[in-house]
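Here is the structure we will look at, set down as structure tokens.
FYI, side chains are in, hydrogens and waters are out, and symmetry mates aren't considered; it's all heavy atoms of this structure. Not measured: the values here are computed from a predicted model.
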There are 2 protein chains.
Amino acid sequence: MKPKISDVAKAAGVSPTTVSRVLNDRGYISEETRTNVYQAMEKLNYLPNDLARSLFSKRSNLIGLIVPTTSNPFYGELTARIEHHCAEAGLKILLCNSLYNVEKEEKYWEMLRRNQVDGVIVCTYNRGLIDYDTHHLPTVAFDHYLSSNIPVVSSDNFKGGELATRHLIAEGCKTIVHINGPGNLETPANLRRNAYETVMAEAGLPAFTCEIEPILKQESTAVAVAALFDEKPGIDGVFASDDSIAMTVIREARKRNKTVPTDVKVVGYDGTEFMTLLAPELTTIEQPIDAMAQTAVATLIAQIEHPTKSIETDLIHDVRMKKGTSA
Amino acid sequence: MKPKISDVAKAAGVSPTTVSRVLNDRGYISEETRTNVYQAMEKLNYLPNDLARSLFSKRSNLIGLIVPTTSNPFYGELTARIEHHCAEAGLKILLCNSLYNVEKEEKYWEMLRRNQVDGVIVCTYNRGLIDYDTHHLPTVAFDHYLSSNIPVVSSDNFKGGELATRHLIAEGCKTIVHINGPGNLETPANLRRNAYETVMAEAGLPAFTCEIEPILKQESTAVAVAALFDEKPGIDGVFASDDSIAMTVIREARKRNKTVPTDVKVVGYDGTEFMTLLAPELTTIEQPIDAMAQTAVATLIAQIEHPTKSIETDLIHDVRMKKGTSA
DNA sequence: CTGAAAGCGCTTACAG
DNA sequence: CTGAAAGCGCTTACAG
């Protein structure tokens, strides 16, 4: 059986109270006792039971993380960064892949509450589904508005949209299309589209936004992009709302014997490590993923530790354009 | 405050014992009592505290998952699939990104033990570092040998290596190089290399294996691949040990004005959803990631539920070649 | 059919 | 400087 505190106490010839005190470095303990206890712990290979500690302290140091799916490298990287910053702060991640499925997400919320998580970081859309105000569980949202009092971490989507669109215009594109996912519509990511449309209007160019499904099924994106090229044969510029859509556009263009960037220029969004490794030629708007992860974790910790203190709810992070050769 | 079982008991006019019994559907309860209790739970928005339950039952339903990093889409997808199968079985995932760092991994193991996980799925190399036999925590390894009695889930690496190499030979390649990561050397993935070398020898062709760093830093792979092309200008076939290396090879070949597949043929390994979406042209050896995830979870559950029963320790999954246009 | 008691492994006032 | 007692929220023999 796993040794417990009373086993250590027996081995060290002291009471469980004393063992607990050296464990938590609380109150006065003679050096000798301390040494004995440490030796006993060592000998028995004792590790405290965090479940029992959490039950008493009402602090689990557990954080729920809800993402669409870690299969998508953007969320895979975000998950890794969030987990990293949590680990630094002594917090552990309970991972939930919602697959953009509302019922799944509700089940995950219940699971997280049963497991007494100290807080939740959510990256999926579910506005109104969960009663955030009632449950008053510390929460941070990622690129989604959940409720007026829940902080949202996002990149500067408007600026990103501006940078991308202005760049395409500056490079001489006339028929510039924006490709966006419907999942983005009630999120700050929608600002990318607003910026695109605003800049196009200012330049006196017609805006055309193409909405496609979130990337869960394989072929849908490719099919939608092909249809777009059929519909708008004169396309010479594309601002895609994420890098994998941008890559699909580049592939489709090549398939049609259009050269990138000569015939069609393409700008993506995200700039994950993995895509940078895989496709350094892609010009993209880079989100500072690590900084955003860090902010999300820090903001969540602030809420957990100062539940009453009011907090900044709009946590926007600067973006930059990473120039490749695709635009 | 969160309602507890005694609050529900009070509201329903029964004892905590009775509430617990309806919660667990144990023993006889009158329909009336049951209804009252359910209504009280509903009214108070009661959810049981799983920490307390776990403390009593000595079953946390928590599983530790140690991967190098979910930033890498292969592990991102594997993580998503494992989490999915765990969720189906009522198990929750505590996520650990070891970044191939031994000290980090040791800390994670301690954390997982403190949190009373029921089992661990490990995807990193650490043979000998953790004393698996002493801790006797149910464990399943993914593509790594940890200890003689720990089951290993892997793809049929030898067959994969054979399929890839034979295909390149059949397509007429003469100067075929294998690119592998050193991290693969003490793992079943090393069989990919053995198969490559065996098949090359059988065909009377010289084998040349190029070892590169695991993909954590951005440029290293690209640099190593460029060096390889310098060293072996006559390369006409490459079997890469993963798809992102394969893509880097394709890029480097194009940069040198070599056409793929005319001048150089490239076969990868993994075949993740994401890569299939992003680069359907890549010919690759596809690992059945979902099936492997399912096996890992099922095997872990078997160990947890039947600790004494001996288990199959070599869980090899069939692979197939997914033909693209790159080879 | 239902409840009082003891205990899961820990911690913290409170005595001494 | 150290220990006995009570309690965190739950469950399960054991009575009745």
Please give me the minimum heavy-atom distance between [X] and [Y], naming the atom from each residue.
X	Y	result
Ile150(B)	Thr139(B)	CG2-O, 3.7 Å
Tyr108(A)	Ala87(B)	OH-CB, 3.9 Å
Asp118(B)	Ser60(B)	OD1-N, 3.1 Å

Listed once per pair and sorted, the salt bridge (charged side-chain N to carboxylate O under 4.0 Å, His left out) pairs that draw on residues 303-312 of chain A, sequence neighbours left out: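 For residues 303-312 of chain A, and leaving out neighbouring residues, the salt bridge (charged side-chain N to carboxylate O under 4.0 Å, His left out) pairs sorted by first residue read Arg59(A)-Glu305(A).
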With Asp314(A) via salt bridge (charged side-chain N to carboxylate O under 4.0 Å, His left out) - residues at least two apart: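 Not a single residue meets the salt bridge (charged side-chain N to carboxylate O under 4.0 Å, His left out) criterion with Asp314(A).
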Using whole Å, report how far [atom1] of [X] lies from [atom2] of [N].
X	N	atom1	atom2	value
Asp7(A)	dC10(C)	CG	C1'	13 Å
Asp25(B)	dC10(D)	CG	P	18 Å
Arg21(B)	dA13(D)	CZ	P	11 Å
Arg59(A)	dT12(C)	CZ	P	14 Å

side-chain hydrogen bond (donor to acceptor under 3.5 Å, both in side chains) contacts touching residues 288-303 of chain A (sequence neighbours left out):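 Sorted pair list: Arg81(A)-Asp290(A), His85(A)-Asp290(A), Thr295(A)-His317(A).
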Atom NZ of Lys10(B) with >12 non-hydrogen neighbours under 6.0 angstrom: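 No - once you tally the heavy atoms of other residues, nucleotides and ligands closer than 6.0 Å, there are 12 at most.
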Side-chain N,O (Arg26(A)) to OP1/OP2 (dT12(C)) below 4.0 Å: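 Looking at the OP1 and OP2 atoms of dT12(C), one of them is under 4.0 Å from a side-chain N or O of Arg26(A).
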For [X], give me all partners under side-chain contact (heavy atoms from CB on, under 4.5 Å), at least two apart in sequence or on another chain.
X	answer
Ile5(B)	Pro16(B), Val19(B), Ser20(B), Leu23(B), Tyr46(B)
Leu44(A)	Pro3(A), Asp7(A), Val8(A), Ala11(A)
Thr313(B)	none
Ser154(B)	Asp143(B), Asn157(B), Pro188(B), Ile316(B)

Close approaches to DNA chain D from residues 30-37 of chain A, in residue order (heavy atom, under 4.0 Å):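 Residues of residues 30-37 of chain A that come under 4.0 Å of DNA chain D are, in numerical order, Ser30(A), Thr33(A).
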Residues touching DNA chain D, which here means a heavy atom under 4.0 Å, drawn from residues 9-18 of chain A: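 Contacting residues: Val14(A), Ser15(A), Thr17(A), Thr18(A).
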Intra- and interstrand pairs of DNA chain C - dot-bracket, Watson-Crick/G-U under 3.5 Å, | marks other strand: |||.||||||||.|||
Identify all pairs in which a protein N or O lies below 3.5 Å from an N or O of nucleotides 7-9 of chain C, and state each distance.
unit_1 : atom_1 : unit_2   : atom_2 : d
dG9(C) : OP1    : Lys58(B) : NZ     : 2.6
dG9(C) : OP2    : Lys4(A)  : NZ     : 2.7
dG9(C) : N2     : Ala52(A) : O      : 3.4

Sugar-phosphate, base or nothing in reach of Asp50(B), heavy atoms under 4.0 Å: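 If one applies the 4.0 Å heavy-atom cut-off, Asp50(B) turns out to touch nothing in the nucleic acid.
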Let me have the donor-acceptor pairs involving side chains of residues 35-42 of chain B, under 3.5 Å, with sequence neighbours excluded, atom names and distances please.
unit_1   : atom_1 : unit_2   : atom_2 : d
Thr35(B) : OG1    : Glu31(B) : O      : 2.7

CA sep, side-chain torsions, deciding dist, call: Leu91(A), Ile301(A), side chain to side chain contact (heavy atoms under 4.5 Å, CB included): CA-CA 9 Å; Leu91(A) 300 173; Ile301(A) 292 174; 3.7 Å; yes
